[in-house]
Number of protein chains: 2
Amino acid sequence: MTKTLPSTSRSLPIALIRAREGVMAPIREMLAETGITEQQWRVLRVLAEFGVMDAKTLADRSSLLFPSLTRIAATLRDKGLVTQTRDDKDRRRQFIQITQAGQKIIDDRAGQAAQIVAGFKSTLGAREYETLLDLLARLDPGADG
Amino acid sequence: MTKTLPSTSRSLPIALIRAREGVMAPIREMLAETGITEQQWRVLRVLAEFGVMDAKTLADRSSLLFPSLTRIAATLRDKGLVTQTRDDKDRRRQFIQITQAGQKIIDDRAGQAAQIVAGFKSTLGAREYETLLDLLARLDPGADG
DNA sequence: ATCATTTCATTAACATGTTAATTGTTGCGA
DNA sequence: TCGCAACAATTAACATGTTAATGAAATGAT
């Protein structure tokens, strides 16, 4: 027998897109005031959390493809929000570090961003929020499970 | 007190991105053989499910922004997969319809796509799969709830 | 009828997603 | 040492995401 596709209204890929749009809309609105994009914010957040790291690790932790990170890092460097330095031991490699200006953006907006996320958590309820994160993690092949 | 951001590993936006990547990877792989993109596939699926419709409705049902749909519709028209006709009553409007060639792509791949989705459903379990769709819908401001 | 407003659609400009090709380095084995 | 595979990073090329500006057509008030 031939399986039929689910109606688009119950399609998992489309549901993921719409949920992401719903969550990102207020965050993008907040970030618009800072002049940086959602992806640039993600990179700065990872750098703020883990400190200096090589580009490959940064791309992985930011969930960005390498070509995207190349462009984003150049943009952030031009804005003075990160610095790039070559590894003297292995000159193919590059280290990326957040600057004070970059850290200030994180510090200034972290509370606001946390409130937005807290809003969604209270919308779903703390218990279902955790359930959602667990289920999403199980769709990610990069995760443990 | 100031709330702190969740660790990026438990960030809802990042979890949504990674889950979407996990789900889309095998679908993109399948679509690569057909020469159409994920978004083009989404447009064709909506047209196959609902039939001819105006561009605005199509953009909405495909979860695409209007400028994106404009380009995608032009691409699909050039490939002979859809037709575009002006509304004689209101010449601003445009109707878009799937062609036989477009329908054939859907018919040829629908089973394969359904199997991929079924794989995720069995990974999570039918019950949790439905729970996930419900939770995702509650993050979408466009939905009812 | 005329003008301002609204609506549908396209276009522009820039950033990112995605795959493939290319460049510069390192390391290893013949 | 030479040559080559492997790796890090960039660049290229095309498609899409996103916001803003613009064009084109309908609507409504006066």
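The model shown is predicted, which means the values in this text are computed figures rather than measured ones. Just so it is clear: chains get the letters A, B, ... in the order the sequence lines come, proteins before strands, and each one is counted from 1.
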For [N], take OP1 and OP2 only and decide whether either is under 4.0 Å from a side-chain N or O of [X].
X      : N       : result
Q39(B) : dG17(C) : no
T75(B) : dA15(D) : no
T70(B) : dT10(C) : yes
Q84(B) : dA9(C)  : no

May I ask you to say what [X] touches in the nucleic acid, namely base, sugar-phosphate or nothing, with a heavy-atom cut-off under 4.0 Å?
X      : answer
S68(B) : base
E38(A) : nothing
R28(B) : sugar-phosphate
L69(A) : nothing

Legend entry - Residue mapping more 5' on DNA chain C - nearest nucleotide basis, Q40(A) or A55(B):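 Per heavy-atom nearest nucleotide, the more 5' residue is A55(B).
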Inset, instruction - With DNA chain C as reference, determine whether D87(A) or T37(A) sits nearer its 5' end, using the nearest nucleotide of each. - result: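 Looking at DNA chain C, the more 5' nearest nucleotide goes with T37(A).
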Whole-Å distance separating the [atom1] atom of [X] from the [atom2] atom of [N]:
X      : N       : atom1 : atom2 : result
F66(B) : dA24(D) : CZ    : C1'   : 13 Å
D88(B) : dC8(C)  : CG    : C1'   : 16 Å
I27(A) : dT18(D) : CD1   : C1'   : 16 Å
I17(A) : dG17(D) : CD1   : C1'   : 11 Å
E21(B) : dT16(C) : CD    : P     : 17 Å
L65(A) : dA15(C) : CG    : C1'   : 14 Å
L76(A) : dA15(C) : CG    : P     : 11 Å
F95(B) : dC8(C)  : CZ    : P     : 12 Å

Legend entry - In one Ile/Leu/Val/Met/Phe/Trp/Tyr side-chain cluster, 4.5 Å: F66(A), F50(A):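 In one cluster: no.
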Inset, instruction - Identify whether F120(B) and I17(A) are in the same connected component of the hydrophobic contact network (ILVMFWY, side-chain heavy atoms under 4.5 Å). - result: no
Legend entry - Value rounded to 0.5 Å, distance of OH in Y129(A) from CG in L124(A):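 CG of L124(A) is found 8.0 Å from OH of Y129(A).
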Inset, instruction - Report the distance from atom CD of E49(A) to atom CD1 of I98(A), rounding to the nearest 0.5 Å. - result: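 The CD atom of E49(A) sits 11.5 Å away from the CD1 atom of I98(A).
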Inset, instruction - Please confirm whether any donor atom in the side chain of R92(B) sits under 3.5 Å from an acceptor in the base of dT7(C), or the reverse. - result: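 Checked by distance alone, the answer is yes.
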In terms of side-chain heavy atoms of [X], which of [options] is nearest?
X      : options                   : value
R71(A) : dT16(C), dA9(C), dA9(D)   : dT16(C)
P67(B) : dA20(D), dA9(C), dT19(C)  : dA20(D)
D90(A) : dT19(D), dT26(C), dT18(C) : dT26(C)

Legend entry - DNA chain D: 5'-proximal contact among R93(A) and I72(B) (nearest heavy atom): R93(A)
Legend entry - Any donor-acceptor pair under 3.5 Å from Q40(A) side chain to T37(A) backbone: yes
Legend entry - Shortest non-hydrogen contact from T57(B) toward D54(B):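 Closest approach of T57(B) to D54(B), heavy atoms only: OG1-OD1, 2.8 Å.
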